[in-house]
Amino acid sequence: MTISARLEALLRAAESICVLTGAGVSAESGIATFRGPEGLWARFKPEELANVDAFMRNPALIWEWYTYRKTVIHQAQPNPAHHALVGMERLVRDFTLVTQNVDNLHARAGAQKVLELHGNIERSYCVECRTFASEIILAKQGEVPTCRACGGLLRPDVVWFGEILPQLVLQEAFRASERCELFFTVGASGLVYTAAGLPLRARECGAYVVEINTEPTELSHRCSERLYGKAGDIVPELFAHMSESRKEQPS
Ligand code: BJW
Ligand code: ZN
């Protein structure tokens, strides 16, 4: 992989790095992305499954979809990209990992702190009283789990279209994007806002923005540098580079 001299210098010396990950970072763990021919939405329509009206119309169908995905995710393992990001977190003084993914794989890889913009599929909460369920819920086919406190419907703690992102998490993600020197967007299509605004904001504030993806995206032309290939190959290479060059520095 060839990288620019600017990126090389930043890998060696940047003290503030922010990373945004999307579904592509988990693709090599066997978790389907959303868009594209192999994506979840090649078979299921997002507007039918990823909004609250769809849930209220047919909660059992939505639970069936999420129970299927939870099962796949539960069996999956973090891949070299998740592990390399944990390595970066340990190496960089001000490191922020922001994810659009709900699969919990960054935490399972050992990330200390993850800003989850779209929630976490392992959690569920009550649509009536907002109480969180204490366990990971798998629904039986045709059934809808209910709240122990009030009997209301439980839903997955994920952000659907038309819903606002968790505001404190989002604020923290924007602040990290605004102050970082180096920003990576990894395996994200750049189609879904508000998350897609983070690399743009980072660039506006002077960060060097690097896209890592198997193919060009909506945001490619707004990035400072593009590295095309699999996240599971590129991120570990960048981490190796980073840790080697930081070792060489006099203390
Ligand atoms: C690899 C790889 C490998 C593959 N290595 N790479 C401004 C402008 C326009 C619209 C809006 C706007 N602001 C808000 C909106 C509306 C809407 C929106 O963005 N719509 C657009 C689609 C047009 N946004 C919202 O509604 C958001 N809410 C919000 O902003 O609230 C305020 C508001 C509300 C209403 C109006 C205005 C403002 C909420 C968005 C919630 C998204 N939820 C989902 C589902 C989560 C739950 C679940 O998992 O079931 O989140 S949708 C889905 O898309 C999921 C993902 O997190 C998200 C992003 O997908 P991602 O991660 O980019 O995946 P893919 O599949 O799209 O791409 C994978 C990429 O990886 C590809 O590029 C591959 O090439 C690459 N890749 N293998 C490296 N090995
Ligand atoms: Zn309740």
Side-chain angles (χ1 to χ4, degrees), residues 1 3-4 6-7 10 17-29 31-42 44-47 49-51 79 81-82 84-85 88 95-103 105-106 114-119 121 158-167 169-235 238:
M1 178 182 63
I3 62 171
S4 68
R6 175 83 191 275
L7 178 53
L10 284 163
I17 298 182
C18 182
V19 180
L20 171 69
T21 63
V25 84
S26 295
E28 291 155 74
S29 294
I31 300 174
T33 59
F34 291 91
R35 299 166 184 84
E38 301 293 318
L40 279 171
W41 291 345
F44 306 102
K45 286 201 172 72
E47 61 274 19
L49 295 171
N51 70 73
N79 67 51
H82 297 104
L85 290 170
M88 285 190 192
F95 182 86
T96 308
L97 177 57
V98 186
T99 190
Q100 300 177 85
N101 299 344
V102 300
D103 58 29
L105 285 185
H106 288 301
V114 186
L115 298 179
E116 294 174 326
L117 294 177
H118 292 164
I121 199 167
V158 298
V159 180
W160 285 322
F161 283 113
E163 296 183 320
I164 55 164
L165 279 63
Q167 292 299 291
V169 175
L170 187 62
Q171 253 175 37
E172 207 177 327
F174 267 103
R175 276 203 293 265
S177 308
E178 286 161 3
R179 71 172 181 268
C180 70
E181 294 157 74
L182 178 58
F183 186 106
F184 290 111
T185 166
V186 187
S189 59
L191 287 167
V192 177
Y193 285 81
T194 312
L198 293 171
L200 303 179
R201 184 73 190 131
R203 186 89 203 264
E204 261 170 24
C205 295
Y208 195 72
V209 178
V210 180
E211 176 172 75
I212 299 166
N213 203 298
T214 43
E215 53 189 55
T217 71
E218 286 299 304
L219 296 182
S220 298
H221 67 288
R222 317 267 301 264
C223 294
S224 320
E225 183 161 344
R226 292 149 288 277
L227 301 173
Y228 293 123
K230 289 183 175 174
D233 296 331
I234 295 180
V235 183
L238 293 175

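Starting from 1, each residue takes its place in the sequence as its number. Hydrogens, waters and symmetry mates play no part in the numbers below; they use all other heavy atoms, side chains included. Not measured: the values here are computed from a predicted model.
- The shortest distance between side-chain heavy atoms of E116 and V169 does not fall below 4.5 Å.
- Of all non-hydrogen atoms in Q100 and A195, the two that sit nearest each other are OE1-CB, 3.4 Å.
- Checked by atom type and distance alone, the side chain of R203 pairs as donor or acceptor with a backbone atom of R222 at under 3.5 Å.
- Under the side-chain contact (heavy atoms from CB on, under 4.5 Å) rule, I3 has a single partner from I234, L10, L227, which is L227.
- Here the CD atom belonging to E211 is positioned 10.5 Å from the CD atom belonging to E218, to the nearest 0.5 angstrom.
- Residues T96 and R175 have side chains not in contact (no heavy-atom distance under 4.5 Å, counting atoms from C-beta outward).
- A donor-acceptor pair is defined here as one N or O able to donate and one able to accept, closer than 3.5 Å; such a pair exists between the side chain of S4 and the backbone of L7.
- Among all heavy-atom pairs drawn from V25 and A81, the shortest one is CG2-CB, 3.8 Å.
- Note that CZ of F174 is 8.0 Å distant from CZ of R201, once rounded to the nearest 0.5 Å.
- The structure places NE2 of H106 at 3.0 Å from OG1 of T21, a figure rounded to the nearest 0.5 Å.
- Of all heavy-atom pairs between T217 and A188, the closest is CG2-O, 3.6 Å.
- A heavy-atom distance below 4.5 Å is found between the side chains of Y193 and L200.
- Taking every heavy atom of both residues into account, A207 and S224 meet most closely at O-OG, 4.2 Å.
- The backbone N or O of N79 sits nowhere less than 3.5 Å from a side-chain atom of E28 that would complete a donor-acceptor pair.
- Judged purely by atom type and a 3.5 angstrom limit, Q167 uses its side chain to pair as donor or acceptor with the backbone of L165.
- Considering CG of L20 and CZ of F183, their distance stands at 5.0 Å, rounded to 0.5 Å.
- Between N101 and I31, the closest side-chain pair of non-hydrogen atoms is not below 4.5 Å.
- Using a 4.5 Å heavy-atom cutoff, the side chains of L97 and M88 are not in contact.
- Between P216 and H221, every side-chain heavy-atom pair lies at or beyond the 4.5 Å cut-off.
- In terms of heavy-atom proximity, F34 sits nearest to A23 at CD1-CB, 3.9 Å.
- In this structure the side chain of T99 never reaches within 4.5 angstrom of the side chain of H82, judged on heavy atoms.
- Taking each heavy atom of I212 and A231 in turn, the nearest pair found is CG2-CA, 4.2 Å.
- D103 contributes atom CG, which lies 8.5 Å from atom CD1 of I121 (distance to the nearest 0.5 angstrom).
- The CG atom of L198 sits 9.0 Å away from atom OG1 of T185, with the distance rounded to the nearest 0.5 Å.
- Within the 4.5 Å cutoff, side-chain heavy atoms of Y228 are placed close to those of S220.
- In this structure, E172 contributes its side chain and L115 its backbone to no donor-acceptor pair below 3.5 Å.
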